[in-house]
Novice: 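Here it is, the structure, as C-alpha cells.
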2 protein chains.
Amino acid sequence: MASRAKATILDIAREAGVSKSTVSLVLQGSGLIRPETAVKVRKAIEDVGYVYNRGAANLRKAHSNVIGMVINDLTNPFFAELAVGMERVFQAAGVVPFIANTAENPVRQEEVLKSMMEQGVAGLIVSPARGTTPGAFRRIEAAGVPVVFAMRRLPESRIPAIAPDNRRGACLATEHLIRKGHRRLAFFGGSSDLVVYQERLGGFLEACEAFAIPVADRTIVEGQTSRKGGMACLDTALAMPEPPTAALCFNDAVAFGVILALRKRGLEAGTDFAVVGFDDVAEAEHYSPALTSVAVDTAGLGERAAHVMLKMIQSRTTRAEDHIGAVSLVVRESSGPDRNSQVGDAA
Amino acid sequence: MASRAKATILDIAREAGVSKSTVSLVLQGSGLIRPETAVKVRKAIEDVGYVYNRGAANLRKAHSNVIGMVINDLTNPFFAELAVGMERVFQAAGVVPFIANTAENPVRQEEVLKSMMEQGVAGLIVSPARGTTPGAFRRIEAAGVPVVFAMRRLPESRIPAIAPDNRRGACLATEHLIRKGHRRLAFFGGSSDLVVYQERLGGFLEACEAFAIPVADRTIVEGQTSRKGGMACLDTALAMPEPPTAALCFNDAVAFGVILALRKRGLEAGTDFAVVGFDDVAEAEHYSPALTSVAVDTAGLGERAAHVMLKMIQSRTTRAEDHIGAVSLVVRESSGPDRNSQVGDAA
DNA sequence: TCCTATAAATGGAACGTTCCAATAAATCAA
DNA sequence: TTGATTTATTGGAACGTTCCATTTATAGGA
C-alpha cells in the first residue's frame, strides 16, 4: 500500500518538474511563484502523499508552532475547562496545543517537560504538580522558552501566573456565611504546600478577622482535595466538642464530599449545615442541594493564559505580568442560615 | 541569562574535549564508551544547558517516541479517564503521549491530525469526532502510521477499534428494566450518525424483542448527548399519550439530565420513573439518586488501546484486531420497579 | 536592436543529529 | 618485537527542510 520510503520535497520537485526550492516556496504560500506552477506543485504533493516534516524545517527556522500544555490532573473537569478556553484562542492563532497530563506527580512532570522541550515547543503553559521543586523550570527558562503558570503558581518563582483571585473569593464566601448568622466556621480540605491553599485560607481568615470571629471558633481541617477528602474533613470537624455550623471548602470536589457525608449522617446541607465550594464547576449548579460556590471563570482564565503566551512568543520575552482573574460568589441552596441564630438575614 | 544560541552536541563535544560522535553515543547510553569519558561528557551537558533536539534526530532515525492521542471531547470526564488509562501504559513504555482535543469538530480534527503527522508521531489513538468523513484517515494509513480507534469507530473503516460491548450493555440494562416490571420503555439521547448509537439502540431493541415488548410501547427519542439533551428527551417523552415508565439513556450525562428534568416536575427518579445510564462515570455513584448505569471500564479500555498501539508500532504493521471490552450493569437507586405493575421483582 | 527592470525559478550551504566505516589505543598471544 | 584482536573514539555523509545569492526568463523603454 504505502510507498515505503516517505515522500520528500525532492520527490515532489521531480514529479512536478521544478526545483525543491520552488516546492518549498509553494509550501509556505509565497506569492513569488506563478499561480500555474503552484497548482502543478500542489497536484504533485497530493499525488505522492507527501507529509510535511516539521522537524526538518525547525532545524532551520527559528521556532515551531507547537505549544505545550502541561496539566496536573486531567480528570478534574475544572482543568478540562481550562484547556478548552486555551484551545479556543490557540485555534484562532493557527496553533495546535499539545496537552500532557502529569497526574500530580513531579517526576512524571519532569519527563513530560523534558519531552516537550525536546520536541521544540515554542512555549509552555503549566499547572504545576504539587510538590514541584523550585528548580524544576530553571533549565527551561535558561533555554529561553516562555512559560506561563495557570491556576497555580510556585512559591518564589518569577514565572508569570494566571490565576483567580483566590483570597478575595474565599473572603466573599466567608462573609456570606457570617452574614447568614454562622459564628463557628470551618475551612475544609487542601494542604498548606499549595500556594492556592494559602491564598484561599488567607481570605477565609481575613473575613474572620474582619467580623471578629474568635480564633477558637475557627476550625481548619486539611485534607485531600477530593470527595473522599471532604467526607473525612466533615467527620473530623463534627467530632469536636463545639463543632462548626458552616464550612468553606477548598474546592467543589471537597464540598460534594461534605454534602455526601452530611447525608450519610441524616443531615442536609443548607438546612443543617452550610457548605460553600470553590471553582463553581458545571456540576455545582445541578447538585442536590445546588452548591453555593465561588465562580472563577475557568475558561476565561485559559483564554487569558493563552493570550499572554502568544504575546510572549511574539515579543520573544520570557517575562510577563501576573493576571488575577475576577471571582464572584454564586449563592445557591447549600448555604442556608444558622438555625440557632437570629442574626441570619435569610427571608 | 540564557546563552542566546542554544547549545548543540558540538558545543558539548568542545567542552568535554571529545568528538560529537562520542557525545551522541553517551546520549544514547551506549555501552561502548569508557565510563570516565561518559561522566566527563555528562558534566559538559549539564554545564552548557543542553536540550536534545529530537527533530534533528528523527531526521536520521526511523521513528519517534511520541504517540498522539486525539480526543473528541475533553470535557467529558469519560474521556479523561480513557486518557488516564492510556497514559499508565505509555509511561511504563517510556513514551509520552500528546493529547489534542477536537471538540467534536471534524475540521479541527483534520488540523490536529495534520499537525500530529507533521510532528512525526509514531502512532495515533483516536476517538473520532462526529461526522468524520470516511476518507479522513486515508492519508495517514498511506503514510504507514498505525491508527487505533478508541470508544468510537467509523462505519466502514478497516482501522482497528477498541470499544466496549455496547450492544450487550444496552441489552443487559433493558432486561433489567423489564424485569423490574416496566413495559413501556424509552431510549433517550444520541443520534443515529454514531456507530455507538446504533449499537446501543440495537441492544435495547434486542431486549425488547426478546421480551416481546410491542413496538408501540418503545419510545426512541434522539437528542444531544448532554444533560440538556436528556432534559429535552424526557419532556418529549412525557408529552406523549402513553408515556414510558423507564428509560435507558445513551450515556450518563443524558441520564443526569433526565433525573434533573424529573425533579423539575416534582418526580423522583427511581420511584416515579426508572432511569439507567451508560458509561458509569465516577459521578454516577454519588448522584442523588445514585444512578444505575452500564460500567464499561474506561481506563481498562484505554490501557488496552495503548497496548495494541505499542504492539503495532513494534511489529511495524498498520493492522490489528478489534477489541470488545466487557461490560456490566451496576444497579443503584435510579432504576426502581414500575409502580403500576405487579411483575416487579423488587423486595 | 540592446539595456535595464522585474518576475520566477534555482543551486547550495546550512541546521543538529545518527550511524557507518575507519582510525587509534590498548591488550594479548606468539 | 610483531601481528591479531578487542576496545574506544572519530570524521563524514546523510536526513528534509529553509533561505540567501544567483541565474534565467519576461517585459518595457530607448
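Just so you know, these numbers use all the heavy atoms, side chains as well, and skip hydrogens, waters and symmetry mates.
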Novice: From CG of A:Leu59 over to P of D:dC19, roughly how many Å is that when rounded to an integer?
Specialist: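 About 12 Å, once rounded to whole Å.
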
Novice: Could you tell me the separation between the CG atom of B:Leu25 and the C1' atom of C:dT17, rounded to a whole number of Å?
Specialist: 13 Å

Novice: Counting just side-chain N and O atoms, does B:Ser19 come under 4.0 Å of either OP1 or OP2 of D:dT9?
Specialist: no

Novice: Between atom CG in B:Asp11 and atom C1' in C:dG16, what is the gap in whole Å?
Specialist: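 Rounding to the nearest Å, CG of B:Asp11 and C1' of C:dG16 are 10 Å apart.
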
Novice: Picking from C:dT18, C:dA9, D:dT17, which would you name as closest to the side chain of A:Tyr50?
Specialist: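 So the side chain of A:Tyr50 is nearest to D:dT17.
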
Novice: Considering only C:dA9, C:dG16, D:dT17, which nucleotide approaches the side chain of B:Thr8 most closely?
Specialist: C:dG16

Novice: Within the modelled atom types, does a donor on one side and an acceptor on the other bring the side chain of B:Ser21 and the base of D:dG11 under 3.5 Å apart?
Specialist: yes

Novice: Atom CG of A:Asn58 to atom P of D:dT17: distance rounded to whole Å?
Specialist: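 Nearest whole value for this atom pair: 12 Å.
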
Novice: For the pair made of CD1 in A:Ile9 and P in C:dA9, what is the distance, rounded to whole Å?
Specialist: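 That distance rounds to 15 Å.
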
Novice: Check the phosphate of D:dT7 against B:Arg34, side-chain N and O only, distance under 4.0 Å to OP1 or OP2. Yes or no?
Specialist: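 So the side-chain polar atoms of B:Arg34 never come under 4.0 Å of the phosphate oxygens OP1 or OP2 of D:dT7.
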
Novice: Any chance you could measure B:Leu124, atom CG, to B:Glu141, atom CD, to the nearest 0.5 Å?
Specialist: 11.5 Å

Novice: Identify the two heavy atoms, one from A:Ala44 and one from A:Glu15, that lie closest to each other, and give their separation to 0.1 Å.
Specialist: CB-CG, 3.6 Å

Novice: Quick one: is B:Gln28 getting a side-chain N or O under 4.0 Å of the C:dT17 phosphate, OP1 or OP2?
Specialist: no

Novice: I want to confirm an ordering. Mapping B:Ala56 and B:Pro35 to their closest nucleotides on DNA chain D, which one lands closer to the 5' end?
Specialist: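 That would be B:Pro35.
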
Novice: What's the CD1-P distance between A:Ile45 and D:dG16, to the nearest Å?
Specialist: 16 Å

Novice: Would the base of D:dT17 count as contacting A:Arg60 through its side chain, where contact means a donor and an acceptor less than 3.5 Å apart?
Specialist: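 In this structure, the two groups form no donor-acceptor pair.
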
Novice: Is A:Ser24 touching bases, backbone alone, or none of the nucleic acid, heavy atoms closer than 4.0 Å?
Specialist: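 Base contact.
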
Novice: Would you mind classifying the nucleic acid contact of B:Leu27 as base, sugar-phosphate or nothing, using non-hydrogen atoms under 4.0 angstrom?
Specialist: nothing

Novice: Classify the side chain of A:Lys20 and the base of C:dG12 as holding, or not holding, a donor-acceptor pair under 3.5 Å.
Specialist: yes

Novice: Counting heavy atoms not belonging to A:Lys114, are there more than 12 under 6.0 Å from its NZ?
Specialist: no

Novice: Figure out the CD/C1' separation between B:Glu36 and D:dT9, and round it to whole Å.
Specialist: 14 Å

Novice: Take atom CG of B:Leu10 and atom C1' of D:dG12, then tell me their distance rounded to the nearest Å.
Specialist: 12 Å

Novice: Are A:Phe149 and A:Phe137 close enough that their ring centres sit under 6.0 Å apart?
Specialist: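 Close enough - the centres of the two rings lie under 6.0 Å apart.
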
Novice: How far apart are the closest heavy atoms of B:Ser127 and B:Asn72, and which atoms are they?
Specialist: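 B:Ser127 and B:Asn72 have their closest heavy atoms at OG-OD1, 2.9 Å.
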
Novice: So, does A:Arg153 use its side chain to make a donor-acceptor pair with the main chain of A:Asp322 at under 3.5 Å?
Specialist: no

Novice: Check the interface with nucleotides 21-27 of chain D: list each N/O to N/O pair with the protein under 3.5 Å, or write none.
Specialist:
none

Novice: Return the minimal non-hydrogen interatomic distance between B:Asp11 and B:Lys6, and the atom names on each side.
Specialist: OD2-O, 4.1 Å

Novice: Between A:Ala56 and B:Leu59, which heavy-atom pair has the shortest distance, and what is it?
Specialist: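 For A:Ala56 versus B:Leu59, the nearest heavy atoms are CB-CD1, 3.5 Å.
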
